[in-house]
Amino acid sequence: MNITEAGKQTSLTPNTLRYYERIGLIPPVARNKGGTREYTSKDLCWIEFIKTMRSAGLSPETLIEYVALSQLGDTSLEARKDILELQREVLQEKLEFIQQTLARIDIKIENYRTDIYQKKHPSQNQKQEEADL
C-alpha cells in the first residue's frame with residue numbers, strides 16, 4: 001500500500017510517516033521501481049508498535065535505538081530485551097504513581113460528596129449529632 005493508505009490506516013499523516021522513517025523511528029520502508037514507498041503489514045505493525053510505545057511515554061531516542069538494534073537481527077535480541085525490561089520498570093513506576101494519585105483523588109471526591117450532602121440535608125446532620133450523644 002502507498003503512503004496515503006498507510007497514513008489512513010495508522011491515523012498518521014504521510015509527512016509524519018516520512019519523518020518517522022527519516023529519523024529511524026521505523027525501519028526503512030521498501031520502495032517500488034518508481035521510488036514510491038510500499039508499506040507492508042509488517043511496516044504497519046512497526047508503526048502501531050511505535051505509536052503505542054510513544055503514547056506510553058517511551059522517548060523517541062529509546063525507540064530509535066530499539067529499531068536500529070532490530071535491524072541487526074538475532075545478534076541484538078538481548079539488547080532489545082534489556083531495553084524493553086528497563087522501559088517496563090519505568091512504566092510500572094509511573095503506573096504505581098498514577099494509582100496512588102487516583103486513590104487520593106477518590107478520597108477528595110468522597111469528602112466533597114459528604115460536604116455537599118451535608119449542606120443539602122442539614123436536618124440529617126442534626127439528627128446524627130443527637131444520636132451520637
Side-chain angles (χ1 to χ4, degrees):
M1 82 182 58
N2 67 31
I3 197 166
T4 302
E5 294 166 337
K8 286 178 184 173
Q9 210 161 2
T10 60
S11 300
L12 295 173
T13 66
N15 284 341
T16 299
L17 292 172
R18 285 185 206 96
Y19 174 72
Y20 279 10
E21 184 181 358
R22 186 174 67 251
I23 67 169
L25 206 48
I26 59 173
V29 176
R31 296 174 187 251
N32 63 21
K33 291 179 184 178
T36 303
R37 289 173 177 84
E38 291 287 334
Y39 288 84
T40 64
S41 59
K42 186 175 180 179
D43 295 321
L44 297 179
C45 287
W46 267 109
I47 294 164
E48 290 303 325
F49 174 75
I50 295 302
K51 283 177 55 179
T52 301
M53 296 299 111
R54 285 292 298 132
S55 293
L58 275 70
S59 72
E61 296 79 15
T62 298
L63 292 169
I64 289 167
E65 178 184 5
Y66 182 86
V67 171
L69 287 168
S70 76
Q71 302 303 296
L72 301 175
D74 289 350
T75 61
S76 68
L77 289 174
E78 188 79 26
R80 286 183 277 159
K81 178 188 69 70
D82 291 346
I83 287 172
L84 293 179
E85 285 178 341
L86 176 62
Q87 294 307 311
R88 187 184 191 292
E89 289 175 21
V90 170
L91 288 173
Q92 185 65 44
E93 290 172 8
K94 286 180 183 179
L95 177 61
E96 289 169 7
F97 178 76
I98 289 169
Q99 288 172 330
Q100 292 169 358
T101 303
L102 283 172
R104 292 183 80 176
I105 288 172
D106 288 343
I107 291 168
K108 292 293 281 181
I109 290 170
E110 189 55 39
N111 288 342
Y112 281 119
R113 286 181 178 150
T114 300
D115 290 348
I116 291 166
Y117 179 84
Q118 289 175 348
K119 295 218 182 301
K120 288 183 177 179
H121 303 92
S123 62
Q124 293 292 332
N125 297 339
Q126 186 177 4
K127 288 179 187 175
Q128 183 60 44
E129 289 171 6
E130 292 170 3
D132 290 341
L133 295 176

Asks: Compare every heavy atom of Ala56 with every heavy atom of Lys94, then report the nearest pair and how far apart it is.
Replies: NZ-O, 4.2 Å
Asks: Just wondering, more than 12 heavy atoms not from Lys108 lying within 6.0 Å of its NZ?
Replies: no
Asks: Heavy-atom distance under 4.5 Å between the side chains of Lys51 and Arg54, does that happen here?
Replies: no
Asks: Out of curiosity, Ile109 CD1 to Thr114 OG1, how far, rounded to the nearest 0.5 Å?
Replies: 12.0 Å
Asks: So, taking the atom named CD in Glu65 and the one named CG in Leu69, what distance separates them when rounded to the nearest 0.5 Å?
Replies: 5.5 Å
Asks: In chain order, what residues pass the side chain to side chain contact (heavy atoms under 4.5 Å, CB included) check against Leu44, with sequence neighbours excluded?
Replies: Met1, Ala6, Gln9, Thr10, Ile47
Asks: Enumerate the ring-ring contact (aromatic ring centres under 6.0 Å, His included) contacts for residues 51-109, please, sequence neighbours excluded, ordered by first and then second residue.
Replies: Phe49-Tyr66
Asks: Quick one: does any side-chain atom of Glu96 pair with a main-chain N or O of Glu93 as donor and acceptor, under 3.5 Å?
Replies: no
Asks: The test is salt bridge (Lys or Arg N to Asp or Glu O under 4.0 Å); show your working for Glu5 and Lys8 and say whether it passes.
Replies: CA-CA 5 Å; Glu5 294 166 337; Lys8 286 178 184 173; over 6 Å; no
Asks: Taking atom CD1 of Ile50 and atom SG of Cys45, what is their separation to the nearest 0.5 Å?
Replies: 12.0 Å
Asks: Among all residues two or more places apart in sequence or in another chain, which pass the side-chain hydrogen bond (donor to acceptor under 3.5 Å, both in side chains) test with Arg80?
Replies: Ser76
Asks: Pairs under 3.5 angstrom only: tabulate donor-acceptor contacts from the side chains of residues 24-41 to other protein residues two or more places apart or in another chain.
Replies:
residue: Arg31; atom: NH1; partner: Gly35; partner atom: O; Å: 3.1
residue: Asn32; atom: OD1; partner: Gly34; partner atom: N; Å: 2.9
residue: Asn32; atom: OD1; partner: Gly35; partner atom: N; Å: 3.1
residue: Asn32; atom: OD1; partner: Thr36; partner atom: N; Å: 3.0
residue: Asn32; atom: ND2; partner: Glu38; partner atom: OE2; Å: 3.0
residue: Arg37; atom: NE; partner: Glu21; partner atom: OE1; Å: 2.5
residue: Thr40; atom: OG1; partner: Lys42; partner atom: N; Å: 3.3
residue: Thr40; atom: OG1; partner: Asp43; partner atom: N; Å: 3.2
residue: Thr40; atom: OG1; partner: Asp43; partner atom: OD2; Å: 3.2

Asks: Quick one: side chains of residues 11-18, donor-acceptor pairs under 3.5 Å with protein atoms, not counting sequence neighbours, listed by atom name and distance.
Replies:
residue: Thr13; atom: OG1; partner: Thr16; partner atom: N; Å: 3.0
residue: Thr13; atom: OG1; partner: Thr16; partner atom: OG1; Å: 2.8
residue: Asn15; atom: OD1; partner: Arg18; partner atom: NH1; Å: 2.8

Asks: Are Met53 and Ile23 connected in the hydrophobic side-chain network, where two residues link if heavy atoms are under 4.5 Å apart?
Replies: yes
Asks: Is there a side-chain contact between Ile107 and Arg104, using heavy atoms and a 4.5 Å cut-off?
Replies: no
Asks: Output all residues satisfying side chain to side chain contact (heavy atoms under 4.5 Å, CB included) with Thr75, sequence neighbours left out; order by chain, then residue number.
Replies: Leu72
Asks: State plainly whether one hydrophobic cluster holds both Val90 and Leu58, where clusters connect Ile, Leu, Val, Met, Phe, Trp and Tyr through side-chain heavy atoms under 4.5 angstrom apart.
Replies: no
Asks: Mind checking the NZ-CD1 spacing from Lys81 to Ile83? Nearest 0.5 Å is all I need.
Replies: 11.0 Å
Asks: Are Glu85 and Arg88 ion-paired here, with the side-chain N under 4.0 Å from a carboxylate O?
Replies: no
Asks: May I ask you to test the Arg113-Glu110 pair for a side-chain heavy-atom distance under 4.5 Å?
Replies: yes
Asks: Applying side chain to side chain contact (heavy atoms under 4.5 Å, CB included) to Lys119 and Ile116, what does each step give before you reach the verdict?
Replies: CA-CA 5 Å; Lys119 295 218 182 301; Ile116 291 166; 5.8 Å; no
Asks: Do Leu63 and Leu86 belong to the same hydrophobic cluster, where Ile, Leu, Val, Met, Phe, Trp and Tyr are linked whenever their side-chain heavy atoms lie under 4.5 Å apart, directly or via other members?
Replies: no
